Amino acid sequence: MNRNTHSARANDHRTTDVLVVGAGPTGLMLGCLLRHHDIACTVIDRRDTIDPRTRAVMVHAAGLEILDTLGLRTTVEDAGVRRTRIDFHTRHHALFTVDFTTLDTPFPYYVNVPQPEVEAVLADHFTATGGRLLRGLRYTGHQEDEHGVTAEAVTDDGPHTLTARHLVGADGASSTVRTALGIDFPGITYPMSYLLAEGAPTRPADPDASAMYIGPAGAVSLLPLPHGAVRIAGPVSPEALDRDSELSTRHFRDTVDALGFGPALRFDRVDRIAHYQVHERLAERFTSGRTVLAGDAAHLNSPAGGQAMNTGFGDAWALAWRLAALDAGSPAPLLADYDRERRAAAAEVARTTGVLQLLDAMRHATTETARDSVQRSLTGYAEAWSQLYLRYHPAPTPAATPAPGTAPAPAPDTAPLALPARTGHRLHPGARVPGHRPEPGHHTCLHLPDATPDPAHLPPHTRTAELTPTQRAWLPTGTTAVLVRPDGHVARTLPTDPHTTAGATAETEKEAA
């Protein structure tokens, strides 16, 4: 049994503040963040050990900032390889690039690191900080009341009961928690098969970039991995292979060779080969009473841009402070806000990863004018895929009761505002503040040097700091400060007029309560 795992057979009954089902990257990240907030947490998983297969690979800037908050970024980076670009190659020698070096973050790059390595780092940190990780324990269902959740699980030795204030289903695409809640998981399955192989390449990978190679009828990504290995994967097979069919190394080689890039996509040694199908799905809701969904249990999307693990990290980041606030007695509808914000965020991720049309445009960009047009269309993809510039729309204000016989006013659009370009970013309510390092459990008031807000107009225990020059440039006209939530998103902008500040911050206190 893994050294960072407790035996599920030691006790039949355990009590904790938050029970997380699923010890993948989302569940373990949530566990680490809850311990960062000093919240008792137990994570259970049906597997006895970490799954050794490399699934997700890329960790983007927003994820690196979260890891840095936990003191884990360097450890994760040491287990991977840093890259600053994604290059797109076509058969007619066109080259298109998504460049991450201009992002406003201390970490303007992404790291290719195998998911098992990330899980091992998170698991070690979780248990070292007092979290309880129980492996070999399979969740079978739960009940809840106004006091908490009682979950049932089984091991080879028999049934176990665990109680918690809240339960989080982070147990993957086939989530048993989601199934137990009866939550639908609608979406689509791509009709083609994606082929995948990992091993030692014939040619060394570019030291600065991952790549996408686009052929006449298919495309594959080439992701450099540690120790000189690479992963080549993509929708190169037009048919959907049977789930149980075997994929030979020769079939993979012949299919990828048909793209027309020769030695650039060949292996000297293949260590792993597989095929899979891609799904885009979004749970109809992310919450039910005291139970919450996160990660792949809540949403699935295309592998383009390496978003899956990062979106799960975003779920954990958005959920941890809310669970901490609820544990402290907050009466605010924080789980409903999590549902609204993260469902919209997942939908936005699906929009930015739907690149089949973009790849087709690259495939047919045979003139300089067409190539310039495609390159311009890539503006903002680094910002979008980094997940640094996500904006949550504020919760809609409850509408007044309509007069009899009249239709109610339409609900406001709560989809995330697309802020793909750094030049378009503003610190409006809901915007994430890149480069800001939140304090666990605390709001922060970022202000102009000569405009420190009156503490009486701020939520209790709010910390203050001056806006950086970049943040000042993003400050909306007519404001002197922004109140930032514990997850780094703007709760409220504070106006210049001192007579209106009190009203605005009173509203903020109500929102933050």
Side-chain angles (χ1 to χ4, degrees), residues 16-20 26-27 29-41 66 69 144-149 164-170 177 181 183 283-295 297-299 311-346 390-398 411-412 414 416 429-433 438-444 458-463 483-492 505-513:
T16 188
D17 289 330
V18 179
L19 174 64
V20 180
T26 300
M29 175 62 84
L30 177 59
C32 290
L33 290 170
L34 288 169
R35 293 304 304 137
H36 199 55
H37 286 276
D38 201 28
I39 300 300
C41 179
I66 298 171
T69 298
E144 66 174 78
D145 56 28
E146 67 273 17
H147 303 295
V149 177
R165 293 177 183 270
H166 292 92
L167 184 145
V168 179
V177 175
L181 294 172
I183 295 176
E284 288 194 332
R285 62 186 190 279
F286 286 9
T287 60
S288 177
R290 291 176 172 268
T291 304
V292 188
L293 299 178
H299 44 73
T311 309
F313 286 168
D315 292 345
W317 183 248
L319 185 56
W321 74 272
R322 287 178 163 94
L323 291 174
L326 290 171
D327 187 71
S330 171
L334 295 175
L335 294 186
D337 284 345
Y338 167 83
D339 186 318
R340 176 181 58 82
E341 291 184 353
R342 291 309 296 173
R343 282 193 83 252
L390 177 67
R391 179 183 173 189
Y392 298 131
H393 276 263
T397 302
T414 57
R432 189 176 185 276
V433 186
E439 294 286 341
H442 293 279
H443 286 69
T444 304
L458 299 174
H461 312 298
T462 297
R463 305 186 181 231
L483 183 68
V484 185
R485 302 185 324 194
D487 62 354
H489 287 261
V490 176
R492 184 72 61 186
T505 52
E507 220 176 314
T508 298
E509 290 181 29
K510 182 179 177 182
E511 178 183 280

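The structure displayed is predicted, hence computed values, not measured ones.
Residue pairs meeting the salt bridge (charged side-chain N to carboxylate O under 4.0 Å, His left out) criterion with at least one member in residues 317-334, sequence neighbours excluded: Arg165-Asp327, Arg322-Glu341.
Pairing each heavy atom of Glu439 with each of Arg463, the nearest pair is CG-CD, 3.6 Å. For Ala170 against Thr26, the heavy-atom pair with the smallest separation is CB-CG2, 4.2 Å. The two atoms that bring Gly289 and Leu335 nearest to each other are O-CD1, 3.7 Å, heavy atoms only. Shortest non-hydrogen contact noted between Leu293 and Arg285 is CD1-O, 3.8 Å. The two residues Pro429 and Ala491 make their nearest non-hydrogen contact at CB-O, 4.2 Å.
Scanning for ring-ring contact (aromatic ring centres under 6.0 Å, His included) contacts around His489 gives Tyr392, with sequence neighbours left out. Under the rule for a salt bridge (Lys or Arg N to Asp or Glu O under 4.0 Å), Asp339 has no partner lying at least two apart in sequence or in another chain.
The main-chain N or O of Ala40 is found under 3.5 Å from a side-chain atom of Thr16 such that the two form a donor-acceptor pair. For His299 (side chain) and Arg343 (main-chain N/O), no donor-acceptor pair under 3.5 Å exists by modelled atom type. Listed for the Asp315 side chain is no donor-acceptor partner under 3.5 Å among the backbone atoms of Ala318.
Here the NE2 atom belonging to His36 is positioned 7.0 Å from the CH2 atom belonging to Trp317, to the nearest 0.5 angstrom. Taken from CG in Leu334 to CG in Leu326, the straight-line distance is 5.0 Å, to the nearest 0.5 Å. To the nearest 0.5 Å, the span separating CG on Leu323 from CG on Leu30 amounts to 6.5 Å. Note that CG of Leu319 is 11.0 Å distant from CG of Asp487, once rounded to the nearest 0.5 Å.
Taking the side chain as every heavy atom from C-beta outward, Cys41 and Val20 approach each other to under 4.5 Å.
Note on ring orientation: taking the six-membered ring where Trp is involved, the planes of Phe286 and Tyr338 are tilted (angle from 30° to 60°).
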